[in-house]
Amino acid sequence: MGQATPTTKLAVVTGASSGIGYELAVQCAGQGFDLIIAADEAEIDQAGDKLLRMGVAVEALEANLATTEGCDKLYAALRGRPVDALLANAGRGLGRAFVDQDWQDIRYVIDTNVTGTVYLIQKIARDMRDRGAGRILITGSIAGFMPGTFQAVYNGTKAFLDSFSFAIRAELAETGVTVTCLMPGATETEFFERADMLDTKVGTMKKDDPADVARTGYEAMMKGERSVIHGLHNKLQVATATVVGGGVAAEMHRKQAEPGTAEPQKSDG
Ligand SMILES: NC(=O)c1ccc[n+]([C@@H]2O[C@H](COP(=O)([O-])OP(=O)(O)OC[C@H]3O[C@@H](n4cnc5c(N)ncnc54)[C@H](OP(=O)(O)O)[C@@H]3O)[C@@H](O)[C@H]2O)c1
């Protein structure tokens, strides 16, 4: 018996086990996209189970997207099915002073945020270009506009992604493929704990809701916008960093990300 050709649109969401990526997958499911979701750890299955309850087809895949093999595994899971939307969101942070960081951690951040992301986007964007249709959302960051004192490598990877996103968008103009860069500011996810930044101001201050950030990104992607910064407070941060220049912005970042700058926790008593 031949395999039925799916008529539903397909979205691929990376880093969908938690945080912004999970909420991006919720947005896609809410609009009736079938989903292929991927992350590095087994929690992706629980995310898949929750998304299934939204009434769409979901395939959850454990794949280390810092590696070529992991990205190939995700691409193979498509089994040739066209991707209507690629939401390239998987990413890792890394706090503390550059010279004190572990090289393997640094490497993992670069391999996940830059190498794996670019590799996967190239494979899927090429298919989209050949088909003359597709939407790509890249989760960059407002961090890409600021030298990341005590988050130096991470901010560098996000500067790369912001720039890369704008460039391939321009290259793909007139092909039917749109590229949108979602630039969140500090958002309430597992990101800061995983980046070992719970003793910093940014790690402990009130942050944006990942569901709101994801809605902003999803809507911008569907409109085919170039980029979107979630929230006025984040737009102001970017404007300030741009006006004051790199040296001052690097000192501003220190106040947010230097270990020992955590906000005092308010007690209930
Ligand atoms: N939170 C913020 O303040 C903030 C601000 C701006 C931009 N961002 C960006 O938003 C994106 C999502 O982060 P988040 O805040 O939602 O953090 P999160 O809750 O830690 O989610 C990160 C997701 O990426 C996945 N991931 C990380 N490394 C991976 C790898 N090598 N292979 C496969 N999956 C991998 C994680 O899955 P596993 O746990 O299975 O590895 C998880 O699903 C990231 O690109 C981040 O840089 C976050």
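Quick caveat, the model's predicted, so the values are computed rather than measured. Atoms within a ligand are numbered from 1 in the order they appear, just like the ligands themselves. The residues of the chain are indexed from 1 along the displayed sequence.
Here Met54 is tied into one hydrophobic group with Val13, Ile20, Tyr22, Leu24, Val26, Phe33, Leu35, Ile37, Ile44, Leu51, Leu52, Val56, Val58, Leu87, Leu137, Leu182, Val213, Tyr218, Met221, Met222, Val228, each link being a pair of ILVMFWY side chains closer than 4.5 Å. In the hydrophobic clustering (ILVMFWY side chains linked at under 4.5 Å, chained through shared members), Val248 is joined by Val244, Met252.
With respect to the salt-bridge test (charged N to carboxylate O, under 4.0 angstrom), the residues Asp199 and Arg96 qualify.
The two residues Gly148 and Asn155 have their closest heavy-atom pair at CA-ND2, 3.1 Å.
Within the 3.5 Å criterion, the main-chain N or O of Arg194 finds no donor-acceptor partner in the side chain of Arg92.
In this view, Asp162 satisfies the side chain to side chain donor-acceptor pair (under 3.5 Å) rule with no residue, not counting sequence neighbours.
Within 4.0 Å of ligand 1, contacts by protein heavy atoms are made from Gly15, Ala16, Ser17, Ser18, Gly19, Ile20, Ala39, Asp40, Glu41, Ala63, Asn64, Leu65, Ala66, Asn89, Ala90, Gly91, Arg92, Tyr108, Thr112, Thr139, Gly140, Ser141, Tyr154, Lys158, Pro184, Gly185, Ala186, Thr187, Thr189, Glu190, Phe191, Phe192, Arg194.
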